[in-house]
Amino acid sequence: MKRILKPMSGNGSLVFKQNTRITQLGKSGRIQEAIQTFKNMSNKNTVSWNSMISVYAKNGKINDARHLFDEMPQKNLVSWNTMISGYSHNDQVHEAAKLFDEMPQRDNFTWTLMITCYTRNGELDKAKCLFDMLPDKQDPVCWNALISGYAKCQRVEEARRLFDEMPVKNLVSWNSMLAAYTQNELMDMGLKFFVQMEDKDVVSWNLMVHGFVQVADLESASLFFNRIPNPNVVSWVTLLSGYAKTGKIEEAKRIFEEMPEKNIISWNAMITGYMQNSQINDALKIFKGMPEKNSASWTAMINGYVRNGKLEKARELLEQMPSRNVTAQTSMISGYVQNMRIDDARQIFDQVGSRDAVCWNTMIGGYAQCGEMSEAIRLFKQMPRKNLVAWNTLIAGFAQSGQMDKAIEIFEEMKDKNLVSWNSMISGFTQNGLFLNALQYFVAMGKQGRKPDQSTFACGLIACANLAALPIGKKIQNLILKSGYGQDLYVTNALISMYSKCGRISKAEQVFRDTETVDIVSWNSLISGYALNGYGKEAVRIFEEMEVKGICPDQVTFVGVLSACSHAGLIDRGIKLFKLMTETYSIDPVEEHYACMVDLLGRAGKLEEAYKFVNEMPVRANAGTWGALLGACRMHRNADIGKIAAEKLFKYEPHKTSNYVLLSNIHAEAGRWNEVERVRTLMKERKVEKQPGCSWIEVKNRIRPFFSDDSAETRTTEVCEALTLLTLHARSTDFVPDIEPFQLDHG
DNA sequence: CTAGGGTTAG
């Protein structure tokens, strides 16, 4: 395009100056002055209008921009382009696309704008589609936009393909591709690529530093930083925030003091760093001493107070904040929500002027956490643009409150689902004891080509453990090995418990031994695994190994080892361990420990001692303890103590059939038939029925439910049949499970 | 007056 310069006579140069002034005022955020300048102009030209549109659009006033666009006397191509750019910056892809379709003619600029609009919004396939229609593909700008778009969606390989294909590359192209690696934690590839680059600017170096920061390799980050020829503020801040985020506050401070010019971002990063380290006073000192504050400074302080549990301080600051924004307010809301102060949270929420998705979701999640699902739903319905997180929050809420039927409803209604949606369903099922449903969803997920993560795998294993579904558990283990989650503690601990609950305790120990670094949960799982399988002495052996290695046992460890002793009849050992727990480790015994002890004494036939123990324990015995005593009485045919235990149990669990049956049997064996009759009458009076709980939910009539009073044998067979039908199959290159659907209509 | 790569607050 040729630019024809008019002679600088009188008005022409004035208009030019005024146009420039509008743009400049806009860039420094002085919108009102820009508007005044525009309004005062007597002879506006098209560029004036375009400039004003751009100022409005860049300051979030997209509707005002559109108004000018509609009103202006003469539009040129740039006007249309500016308007599209405005919509793009304000995330209104749809409006941008509408203009793109309507406009009379387009230039390369137009195409670039529309393509970048799509890439910014993550709509890469649309961007690519447009790109393929682009008449002139020489210009690298569109290519670059696409590459970075793919990179932000973790589609690194596609980005690389474009990079290799593009005819003309510039430094930005190389940097975009480098960012694809560094942003996706592919530092090996990134380093290789970086070495290949002939030209590097400070952006390239900064990308490397940031990449290393993201994988928490601060040593390499610092090494690279030191080799930057001309580090800029961004370089300094990147390293500084890296140290701050990883808790290395002293290093961060050093960088902060060394850096030649500090900007507001560096001050803010220091506040965050101090707050993360609970150094509230140091953070406050920075906050008070900094030359200027922006809303991020205030938010960092408020957020820091919230993280450190100082809600009142946070609130105080929020009230003082000059221009409260959603981010700060949301921080406050989440603080209240974490402390179950739902009414305070709501009060802030109601004050928020323009709520964003995070704000809505925090509040909805708050109600969900408090079990107030009806209010959560009410808010959800009010939420203007519901995103995936909002839907997932509802699922998690329903799952937590045991309403899996409602969770299913929500899940089915969703058009887009992500990994979190699936995991929330699967973990919801396992948490609510609906293990077959958990497996069904695990399978369905694989069929849709979704990759499971550590949470999916762990929940799948927990389901297998509870169904004693060893074949499936083994297949899941194969998938895990291929997935790279083989050393994840959450997963390995679930594996240990799966094998032990399926009776394969030696396999459980093998998994334990194959795990590079185990934690207390792993030890506990192994010990209680041995206990569960009746190998009391082995459980004690593991416990001793733990002691030798200097690992401190916790409450759960003792529940495991004590129950092991009781199952194996190691009475003296159990009593000694109980003493060890309370005296050496100063662990206060809880209900479960007492139940173990009562069980231990009871099984050994020392019923009088057990009963005495119950009466002398400092916490009030509940169902577990009385149940242990009742069981022991049945075993040793002690009707007197049995009756006492049963009466207590009836108070705690008035509708649990097995308690009545146990007592009735004890009386029967003692020949006390009138007592037997009394128990039966009691059952009738209290309407204790043998109605079992449904142990899974029927989903789309594909699964036949079974009931908990089916005999164990029938159940095992049924589950096995179901599970054999379900063939887990891992492809060698991919670990997405490719599984046949559940089919149980074999009758 | 309109386009592409990097940094901070949720």
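Everything numeric in this text was worked out from a predicted model, so none of it was measured. In what follows, every chain begins at residue 1, and chains take the letters A, B, ... in the order their sequences are listed.
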The reported gap from OG1 in A:Thr330 to CG in A:Asn303 (rounded to nearest 0.5 angstrom) is 10.5 Å

Measure from the side-chain heavy atoms of A:Asp356 and tell me the nearest of B:dG4, B:dG10, B:dC1. B:dG10

Rounded to whole Å, please give me the gap between CD in A:Gln276 and P in B:dT8. 13 Å

Is a side-chain donor or acceptor of A:Asn90 paired with a backbone partner of A:Ala57 at a separation under 3.5 angstrom? yes

A:Thr299 side chain: which of B:dG10, B:dC1, B:dG6 is closest? B:dG10

Using only heavy-atom distances, decide whether a donor-acceptor pair under 3.5 angstrom links the side-chain of A:Asp139 to the base of B:dG4. no

Touch class at under 4.0 angstrom, heavy-atom based, for A:Ser148 against every strand present: sugar-phosphate

State whether A:Ser295 places a side-chain N or O below 4.0 Å from either non-bridging phosphate oxygen (OP1 or OP2) of B:dA9. no

Between A:Thr110 and A:Asn81, does any side-chain donor sit less than 3.5 Å from a side-chain acceptor? yes

Single hit among A:Trp391, A:Phe349, A:Tyr367 for ring pair (Phe, Tyr, Trp, His ring centres under 6.0 Å) with A:Trp360: A:Phe349

Report the nucleotide, chosen from B:dG10, B:dC1, B:dG6, that has the shortest atom-to-atom distance to any side-chain atom of A:Val358. B:dG10

Out of B:dT2, B:dG4, B:dT7, minimum distance to the side chain of A:Val141 belongs to B:dG4

In whole angstrom, give the distance that lies between atom CG of A:Asn108 and atom C1' of B:dT2. 13 Å

Value in whole Å for how far the C1' atom of B:dC1 lies from NZ of A:Lys75: 15 Å

Just how far, in rounded Å, is C1' of B:dG10 from CG of A:Asn294? 14 Å

Are any of A:Lys152's side-chain N or O atoms less than 4.0 Å away from OP1 or OP2 of B:dG6? yes

How close or far is atom P of B:dA3 from atom CE of A:Met83, stated in whole angstroms? 13 Å

Nearest to the side chain of A:Thr112 - B:dA3, B:dC1, B:dT7? B:dA3

The single option from A:Asn387, A:Thr393, A:Asn392 that satisfies side-chain hydrogen bond (donor to acceptor under 3.5 Å, both in side chains) with A:Asn361 is A:Asn387

Per A:Val172 side chain, nearest of listed nucleotides B:dG6, B:dC1, B:dG4: B:dG4

Side chain of A:Leu113 - closest among B:dT2, B:dT7, B:dC1: B:dT2

Tell me which nucleotide among B:dT7, B:dA9, B:dA3 gets nearest to the side chain of A:Ile265. B:dT7

Strictly by modelled atom types, are A:Asn294 and A:Asn268 linked by a side-chain donor-acceptor pair under 3.5 Å? yes

Give A:Gln183 one of three labels, base, sugar-phosphate or nothing, depending on what nucleic acid heavy atoms sit under 4.0 Å from its own. sugar-phosphate

Using a cut-off of less than 4.0 Å, is there contact between a side-chain N or O of A:His89 and OP1 or OP2 of B:dT2? no

Measure CH2/A:Trp111 against C1'/B:dG4 and give the value in whole Å, please. 18 Å

Nearest of B:dG6, B:dA3, B:dC1 to any side-chain atom of A:His210? B:dG6

For a quick check of understanding: with a heavy-atom distance under 4.0 Å over all strands, which category does A:Ser54 fall into, base, sugar-phosphate or nothing? sugar-phosphate

Distance check: side-chain N/O of A:Lys245 vs OP1/OP2 of B:dT8, anything under 4.0 Å? yes

Euclidean distance, atom CE of residue A:Met321 to atom C1' of B:dG10 [Å, nearest integer]: 12 Å

Base, sugar-phosphate or nothing for A:Lys58? Non-hydrogen atoms, less than 4.0 Å. sugar-phosphate

Using atom CG of A:Asn303 as one end and atom P of B:dT8 as the other, report the distance to the nearest whole Å. 15 Å

Under 4.0 Å, counting only non-hydrogen atoms across every strand here, what does A:Asp201 touch: a base, just sugar-phosphate, or nothing? base

Pairwise side-chain contact, A:Asn108 with A:Leu134, heavy-atom cut-off 4.5 Å (strictly under): yes

Using only side-chain N and O atoms of A:Gln329, determine if any of them is under 4.0 Å from OP1 or OP2 of B:dG10. no

To the side chain of A:Val203, which of B:dA3, B:dA9, B:dG6 is closest? B:dG6

Just call it for A:Arg120: base, sugar-phosphate, or nothing, with non-hydrogen atoms closer than 4.0 Å on any strand. sugar-phosphate

